[in-house]
Amino acid sequence: QVQLVESGGALVQAGGSLRLSCAASGDTFSLYYMGWFRQAPGKEREFVAAMSWRGFNTYYAGSVKGRFTISRDNQKNSVYLQMNSLNSEDTSVYYCAAKTTGVRLSDSGDYAYWGQGTQVTVSS
């Protein structure tokens with residue numbers, strides 16, 4: 001079992017950048033595939049990015065590809081989401097999540113562990 005805590009959410013102007021962090025504790029972090037999801041008010045939770053357990057493979061939603069970068073540091077038990085060129089559509093609560101298999105990485109229902117979320121608000 002792994003516990004996840006996100007941080008780094010903030011109010012930022014459109015066009016700005018933000019880096020989210022997710023710290024893991026509990027089980028061996030390097031065994032988990034990690035994902036970032038987001039949920040805006042009144043909308044379903046949507047996939048943002050995911051990374052394989054050793055960091056060799058990354059996956060992105062089309063809406064963030066080229067603007068967001070997922071990374072992880074297994075020595076620090078952390079995963080990050082660097083977000084550039086932010087726009088109002090990126091305003092959401094961002095969640096990190098963990099799973100032990102490398103299939104269906106964009107499916108939120110497949111993740112067993114979730115953080116509490118961190119709010120990102122982009123002002124135009």
Side-chain angles (χ1 to χ4, degrees):
Q1 202 170 21
V2 63
Q3 293 78 44
L4 305 171
V5 179
E6 303 95 334
S7 62
L11 172 64
V12 62
Q13 286 191 331
S17 298
L18 209 55
R19 188 194 195 207
L20 304 182
S21 299
C22 174
S25 60
D27 204 351
T28 305
F29 175 72
S30 59
L31 297 178
Y32 288 84
Y33 291 79
M34 299 300 298
W36 284 97
F37 290 79
R38 66 187 183 186
Q39 187 167 19
K43 295 187 177 181
E44 291 189 355
R45 190 167 297 188
E46 66 172 355
F47 170 74
V48 175
M51 174 170 268
S52 59
W53 62 281
R54 292 181 68 181
F56 291 159
N57 300 103
T58 57
Y59 310 87
Y60 296 95
S63 59
V64 306
K65 199 168 187 178
R67 299 188 300 123
F68 290 12
T69 303
I70 186 173
S71 62
R72 67 189 294 164
D73 185 338
N74 287 344
Q75 297 300 314
K76 295 183 178 180
N77 290 345
S78 294
V79 63
Y80 309 97
L81 186 67
Q82 176 67 42
M83 306 185 295
N84 299 328
S85 301
L86 287 162
N87 59 62
S88 58
E89 297 294 311
D90 297 316
T91 295
S92 283
V93 176
Y94 283 73
Y95 300 89
C96 71
K99 66 196 304 282
T100 56
T101 64
V103 295
R104 295 188 295 274
L105 289 174
S106 63
D107 186 349
S108 62
D110 248 42
Y111 285 77
Y113 307 103
W114 291 85
Q116 83 290 348
T118 186
Q119 176 71 48
V120 173
T121 303
V122 183
S123 65
S124 54

Begin with the C-alpha distance, continue with both residues' side-chain angles, and end with the deciding distance and a verdict on side chain to side chain contact (heavy atoms under 4.5 Å, CB included) for L31 and T100.
CA-CA 7 Å; L31 297 178; T100 56; over 6 Å; no
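- In this structure, S85 and S17 approach most closely via the heavy-atom pair N-OG, 4.4 Å.
- Here the CE-CZ distance, from M83 to R67, works out to 9.5 Å after rounding to the nearest 0.5 Å.
- Around atom CD of Q75, no more than 12 heavy atoms belonging to other residues, nucleotides or ligands sit under 6.0 Å away.
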Please step through ring pair (Phe, Tyr, Trp, His ring centres under 6.0 Å) for the pair F47 and Y59, ending with a clear verdict.
CA-CA 10 Å; F47 170 74; Y59 310 87; 7.8 Å; no
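- Rounding to the nearest 0.5 Å places OH of Y32 at 13.5 Å from CH2 of W53.
- Using a 4.5 Å heavy-atom threshold, the side chains of Q39 and S108 count as separate.
- Here C22 contributes atom SG and R72 contributes atom CZ; the two are 10.0 Å apart, rounded to the nearest 0.5 Å.
- The distance from the CG atom of L81 to the OH atom of Y95 is 15.0 Å, given to the nearest 0.5 Å.
- The CG atom of N87 lies 8.0 Å from the OG1 atom of T91; values are rounded to the nearest 0.5 Å.
- Between T58 and M51 there is a side-chain heavy-atom pair separated by less than 4.5 Å.
- Under the 3.5 Å distance criterion, the side-chain polar atoms of Q1 are left unmatched by any main-chain donor or acceptor of D27.
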Yes or no on side chain to side chain contact (heavy atoms under 4.5 Å, CB included) for M34 and V2, after CA distance, side-chain angles and deciding distance?
CA-CA 11 Å; M34 299 300 298; V2 63; over 6 Å; no
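- With sequence neighbours excluded, no residue satisfies salt bridge (charged side-chain N to carboxylate O under 4.0 Å, His left out) with E89.
- Shortest non-hydrogen contact noted between A23 and S78 is CA-OG, 4.0 Å.
- Atoms OG and OH, from S52 and Y33 in turn, are 6.0 Å apart once rounded to the nearest 0.5 Å.
- In this pair, F68 and Y94 present their aromatic rings tilted. The plane angle is within the 30 to 60° band.
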Step by step, would you call R38 with S63 a side chain to side chain contact (heavy atoms under 4.5 Å, CB included)?
CA-CA 12 Å; R38 66 187 183 186; S63 59; 3.5 Å; yes
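- Note: the hydrophobic cluster containing L20 also contains V122 (ILVMFWY, side chain heavy atoms under 4.5 Å, direct or indirect links).
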